[in-house]
There are 2 protein chains.
Amino acid sequence: MAGMADTPNADPSNTAADSAIGLSPASACDTPCPARQQTIALVDDDRNILTTLSISLHAEGFATRVYADGETALKALQENPPDLAIFDVKMPRMDGLELLKALRAQSRLPVIFLTSKDEEPDEALGLAMGADDYITKPFSLRLLVARIRAILRRSELAKAPPEEVPGAELPEPVVRGRLSLDPARHQVTWDGKPVSLTVTEFLILEAMALRPGVVKSRNQLMDAAYSDDVYVDDRTIDSHIKRLRRKFRAVDPEFGAIDTLYGAGYSFADG
Amino acid sequence: MAGMADTPNADPSNTAADSAIGLSPASACDTPCPARQQTIALVDDDRNILTTLSISLHAEGFATRVYADGETALKALQENPPDLAIFDVKMPRMDGLELLKALRAQSRLPVIFLTSKDEEPDEALGLAMGADDYITKPFSLRLLVARIRAILRRSELAKAPPEEVPGAELPEPVVRGRLSLDPARHQVTWDGKPVSLTVTEFLILEAMALRPGVVKSRNQLMDAAYSDDVYVDDRTIDSHIKRLRRKFRAVDPEFGAIDTLYGAGYSFADG
DNA sequence: CTCTTTTCCGTCAAATTGACGGCAATTGGA
DNA sequence: TCCAATTGCCGTCAATTTGACGGAAAAGAG
């Protein structure tokens, strides 16, 4: 466990610019408060971003510590590691890449990079160097929080004994009558004949096939096919269903296993 | 719903650019009004957009309040927070970013940013974080509404996270004598013979079948079948009962399990 | 038995919802 | 850079659902 945030650090020994300014929700969590409050370190030379982000994340139930300077940040991160760190790639003296490199020399702390739209070459670089994710500005809070949570979840799973990890086993192939789905191989057949699906199509079909006969609303199918940070139109699901039906019909003109429940959603027919 | 589309609201060509113009569907709540209508605050210096959006959202069933000025908006938002706010990023005196920042200092109100396609992608937009989502103009009403609903849904889930994932457990099938109802599959049988019901019919029947023998008033049945913000005529329930009986009679001419209690309501017969 | 209130049922037009071709934007490679 | 695949969304048309009536029938009241 990372050091329990002593975050309310009234760390008096500091100069304005480089100090860690701790923010810790006093009002506790009015949000999905997980087990323990998690601490996020923010490193960026732009004070505006620092403040805004800090406030926002704080409101999302995280404790935050901010640093405006890479060197100071490095030292603090080593001495008292947070649960996750967010770096701006581009910073004056020691930029995000250097900072990450130095940090990685001794720590496996999860890191998210902030990059600008036009700094693409660095993205690959950052990932190659061991950042866990990166986000290009502009981004919405929703996106950021979704990624933070995803990464934290991942890194916590990694800490736990690998045996009892919930969905860790290889996904079992699903066989439902004439349909067969193999998630691991991303392979689909109908009556033994292969059907080639795109990823999105596959996910939607899988969600339905896992519970044959059960009606899935469009929202449920969206949840199955998309990550938390994207929201697409309801009708988009229609489109995917349309494509699914078309592809299956190409193999079996009689195909009718995807049922529509007017006003409710879709279901994969029992069989 | 046609009546909604009209524009009773005078053009806000009015005076004080910053006054909050309340719009709330005439229907209002003369009744307990369960799920309060959700209110959206719009902040934009362009009166055209303000009016258009307001009318559109209003037609979608939201109440709206509009502000043409960041400072006034801030004050109003703090004093009387809506359920969600939509800011234009670029505004004369206090722009969306400042507004958000000030707001975030004390509130976790869900915010959607409106940005222009051609605004400096880096400078201002880079700061656009902290909003829950942002949409670049031009955008379709459908998209906007979809996002609004998504965010509202999300923030409401966050408010009440008592249990585990909502859609985790499947609703249990209900069996009452010769009747069998499976909510998950939207499947109904009578003596094993399938009966095909529409969603509304299903909900009404389910409400009665859950408490066999107990008389349900029309209002109770309405509550079961409609979301809190829809009101329909009492007689409409009669119609649905009529259709239910007809569909069951088609399968069993002797069917008589739906009883009428003169002056009180309907009940599903014990058995 | 007569009158009043409530319910039933057929009919219908309007609103909602679904299907699907097309298109434009994005992605990922050759 | 150009090409092909994927994907999200729009717009149109078709199908389904459904709220509302009006008159007939049934149930209560006196």
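Because the structure is predicted, anything quoted here is derived from the model rather than measured.
Taking every side-chain heavy atom of B:His240 into account, D:dG19 is the closest of D:dG19, C:dT7, D:dC9. Here the side chain of A:Arg245 is nearest to one of C:dT17, C:dC20, C:dT7, namely C:dC20. Side chain of A:Tyr226, nearest nucleotide from C:dG18, D:dG8, C:dT7: D:dG8. Nearest to the side-chain atoms of A:Lys242 among the listed nucleotides C:dC20, C:dC9, D:dC10 stands C:dC20. Among the nucleotides D:dT18, D:dA20, C:dT7, the one closest to the side chain of B:Thr198 is D:dT18. Set against C:dG10, C:dG18, D:dG19, the side chain of A:Tyr266 has C:dG18 as its closest nucleotide. Taking every side-chain heavy atom of B:Tyr262 into account, D:dA27 is the closest of D:dA27, D:dG19, D:dC10. Looking at the side chain of B:Arg218, the nearest of the listed nucleotides C:dT7, D:dC9, D:dC21 is C:dT7. Counting only heavy atoms from C-beta on, B:Arg243 has its side chain closest to C:dC12 among C:dC12, C:dG10, D:dT7. Considering only the side chain of B:Thr260, C:dT7 comes nearest among C:dT7, C:dA19, D:dC9.
Under 4.0 Å is where a charged nitrogen must lie from a carboxylate oxygen, and between A:Asp234 and B:Arg142 no such pair does. A salt bridge links A:Arg104 to A:Asp132: one of the charged nitrogens lies within less than 4.0 Å of a carboxylate oxygen. We find that A:Asp238 and A:Arg218 are joined by a salt bridge, their nearest charged nitrogen and carboxylate oxygen being less than 4.0 Å apart.
Note: CG (B:Asp238) to C1' (D:dT18) measures 14 Å, nearest angstrom. In this entry the distance linking CZ of A:Arg235 with C1' of C:dT16 reads 9 Å, nearest Å. A:Ile237 has its CD1 atom 14 Å from the P atom of D:dC10, to the nearest Å. Taking atom CZ of residue A:Phe248 and atom P of nucleotide C:dA19, one finds them 16 Å apart after rounding to whole Å. Rounded to an integer number of Å, the gap from A:Leu203 CG to D:dG8 P is 11 Å. Remark: C1' of D:dG8 and OH of A:Tyr231 are 13 Å apart, rounded to the nearest angstrom. As rounded to whole Å, 13 Å separates atom C1' of C:dG18 from atom CG of A:Asp233. Per the geometry, CG belonging to A:Leu261 stands 18 Å off P belonging to D:dA15, to the nearest Å.
Put simply, B:Thr200 has no side-chain N or O that comes within less than 4.0 Å of OP1 or OP2 on D:dT17. B:Arg246 has no side-chain polar atom (N or O) that falls below the 4.0 Å cut-off from OP1 or OP2 of C:dC8. Phosphate contact (OP1/OP2 of D:dG11, side-chain N/O of B:Arg142, threshold under 4.0 Å): absent.
Within 3.5 Å, a donor on the side chain of A:Ser239 pairs with an acceptor on the base of D:dC9, or the reverse.
The heavy-atom pair separating B:Glu60 from B:Arg149 by the smallest distance is O-NH2, 3.1 Å.
Aromatic ring centres of B:Phe248 and B:Phe255: separated by under 6.0 Å.
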task = Could you walk me through whether A:Asn219 and A:Ser217 pass side chain to side chain donor-acceptor pair (under 3.5 Å), step by step?
result = CA-CA 5 Å; A:Asn219 275 336; A:Ser217 71; 5.3 Å; no
